[in-house]
Protein chains: 2
Amino acid sequence: MDERKRLILNAIIQDYIYSAEPVGSRTLVKRHRIGLSPATIRNEMADLEEMGYLQQPHTSAGRIPSPRGYRFYVNTIMEDYVPSPGELKKIGELIAAAGLTLPQSPRQMAKFLAAVTNYISLIAGPADNLQEIRHINLVPYSISSVICVIVLSDGAVKHHAIGIPEGVNPGEIEALARFLQKNLQGLKLNEITPRILAGLKADFTGSQRLVEEISLLVKHLALVHAQDLVMDGTANLLKEPEFRDIQKVREVFETLEQGEQILRLLVADPGPMDGLGVRIGPEIGLDSFADCSLVVATFLLADRQVTLGVLGPARMQYAKTIGLIRWLQEYFSSGGY
Amino acid sequence: MDERKRLILNAIIQDYIYSAEPVGSRTLVKRHRIGLSPATIRNEMADLEEMGYLQQPHTSAGRIPSPRGYRFYVNTIMEDYVPSPGELKKIGELIAAAGLTLPQSPRQMAKFLAAVTNYISLIAGPADNLQEIRHINLVPYSISSVICVIVLSDGAVKHHAIGIPEGVNPGEIEALARFLQKNLQGLKLNEITPRILAGLKADFTGSQRLVEEISLLVKHLALVHAQDLVMDGTANLLKEPEFRDIQKVREVFETLEQGEQILRLLVADPGPMDGLGVRIGPEIGLDSFADCSLVVATFLLADRQVTLGVLGPARMQYAKTIGLIRWLQEYFSSGGY
DNA sequence: AATTAGCACTCAATATACGAGAGTGCTAAC
DNA sequence: GTTAGCACTCTCGTATATTGAGTGCTAATT
């Protein structure tokens, strides 16, 4: 990958992000002032395609970046982006309009982030997973079900009905209740790892089915009670030409409605460094998001950890989006608020 | 409007709801066993169109119901619908899956309602507008802004920055603060009517601009603090053939993201009787929802007033949707939970 | 050895024509 | 009052050309 290829790849990606149309050798030469003929570009393009950075929708179409191409762009080509004065003005106005409650209201924050980026904003937080389980109990409810009641140290009470498998007697349920109290009480939510849950299952000698259900419940609690998901700007996705296909849109929206899955996306792997991560297309790990990219940033906001994400098309304005998020990260966590 | 016309209108609407295609005289005769020839039907159809109950997308297409046609259908033709055993089974399963927290969790409730109806569900609640304003104050923040702090009787604190118009001095702000305390403290949120706010403006002798802003803020608070909007099933809309047009979808989704507007839709006019209302197409009062219909039901759930809405295409399965909501209304408020 | 001009070829997109099909309104017969 | 018959309308799908942007390859040029 020599300097010239990088230059060309850069030009192609930028053009494509701008126009959403496959870019050909001729147009590329015309738009950027590279001192090369289309034929040369064609050769380079063929190389880049072979290397996996570009794709061709069909023979005799221009090239579009592959996920790998975007990845390379984000990792090594892309230059840092600083919000323009115009953008800063817009940001300022939005912040002013939202008022001082902005950083404390995930909803407002989501609206704000969506307005700034023009993509879908996802906010998980404030994370509150330092709460611990004060009390856990199983209360008989009917012949075939018990209610699992969990009290957290902040006073929140969670309860959920669980069916009793065939052949489990009351004594066993009491035993499980004591077992759970012994093993889970006092644990902080963020300490409840899959490992602990596996241990739970291994250690308990009674009905596996039952302990399995409880373990699922607790896991769910740890993930979701603590995190509150809010999103906004979903309509923005419909502006993107690659989502003119209703079918595709529907898949994305259906996934977005699975709040838990999205939360996991945001919370898992907060990003390699300085709390910022970019996941491109298939890297997200969801089929329905194969044509999307996700920028995630985690930081402290009013003493609480907040994760905010921006979901857009894979053909995202990476530099701008990442630049904006960096700026916001700085702005909000610097205590300016 | 004689009996025969009603019969025909009914048949047309049911066919159209089912097929989403304009229905013609020939098909109508074939599908329903009416003892009439297509020609006669055609005459009747022409009459019904003249009366405003039907529309023709273009000459030489079949007829589709007009909003007025749907309205007539809902008001006088439609028969009561009782959920089928299959549906009841599905409902039961969904309720079981959600667990006992269902009625207390608007989110779960929304998911549930969307799954049951296959449309978009909107939940406003639990309504908490019996809270009263304990304390209201204006705190200087910078030269050009004050923070309006409002404390509610449940302990919630709301604050919002407000710009100070030119030429307003600190004394005036203090006066306004006292004025607000005198006039608003002790009021319940549901007592804050537009009338009261208008009185506020009329009585205050200082900067109108400022009191205007405050009044807006309080109104906003009364509407929105109390009500919490949650929705689900938005992806369901994309299944409907009339929303194959991205542009239309986008308009709907953009409106849906204006939470406040939607809240107003749900809260305003809870419905003529027994807390159930149906608004069809233009009746909703939003251009973007001109092709949608909204079913709203208000009832008490776990001692709290909850409003739930179902938003679908104007070509909605009215009987079924209304029947289901009625059933849920009964089920949840009967204390079965 | 790298670059480029030239050329044949490919393929999506667009326009055009055309027939099929479903539907209507109207008139005249039943 | 109802219906058969008919001419007419309009959408939709299919087939067919045309266009245009783009490619890969080869041979000439630098």
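In what follows, every chain begins at residue 1, and chains take the letters A, B, ... in the order their sequences are listed.
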Completion exercise
In numerical order, the residues of residues 35-55 of chain A whose heavy atoms come under 4.0 Å of DNA chain D are A:Arg42, A:Met45
Exercise for the section: Name all pairs fulfilling the side-chain hydrogen bond (donor to acceptor under 3.5 Å, both in side chains) condition that reach into residues 286-297 of chain B, sequence neighbours left out, sorted by first residue then second. Expected result: B:Lys248-B:Asp291, B:Thr255-B:Ser288, B:Ser293-B:Tyr318
Problem - Pairs where residues 235-265 of chain B contributes a residue and the test ring-ring contact (aromatic ring centres under 6.0 Å, His included) is met, not counting sequence neighbours - result: A:Phe253-B:Phe253
Completion exercise
Applying salt bridge (Lys or Arg N to Asp or Glu O under 4.0 Å) to A:Asp245 and not counting sequence neighbours gives none
Exercise for the section: Just jot down the salt bridge (Lys or Arg N to Asp or Glu O under 4.0 Å) partners of A:Glu240, sequence neighbours excluded, or say none. Expected result: A:Arg315
Handout entry: Residue pairs fulfilling ring-ring contact (aromatic ring centres under 6.0 Å, His included) with at least one residue in residues 27-60 of chain A, sequence neighbours excluded
Key = A:Tyr53-A:Phe72
Practice task
Any salt bridge (charged side-chain N to carboxylate O under 4.0 Å, His left out) involving residues 77-91 of chain A? Give me the pairs, sequence neighbours left out, ordered by first then second residue.
Solution key: A:Glu87-A:Lys320, A:Lys89-A:Glu93
Practice task
Please identify each residue that fulfils side-chain hydrogen bond (donor to acceptor under 3.5 Å, both in side chains) with B:Gln329, with sequence neighbours left out.
Solution key: none
Practice task
Sequence neighbours left out, what passes salt bridge (Lys or Arg N to Asp or Glu O under 4.0 Å) with B:Arg68? Give chain and number order.
Solution key: none
Practice task
Please name all residues satisfying salt bridge (Lys or Arg N to Asp or Glu O under 4.0 Å) with A:Arg250, sequence neighbours left out, ordered by chain then number.
Solution key: A:Glu254
Handout entry: Heavy atoms of other groups near B:Arg6 CZ, more than 12 under 6.0 Å
Key = yes
Completion exercise
Scoring nucleotides 8-17 of chain D by protein non-hydrogen atoms under 4.0 Å (B base, S sugar-phosphate only, - none) yields -BBS------
Problem - Covered region of DNA chain C, 5' end to 3' end, by chain A [heavy atoms, under 4.0 Å] - result: C:dT3 to C:dA12
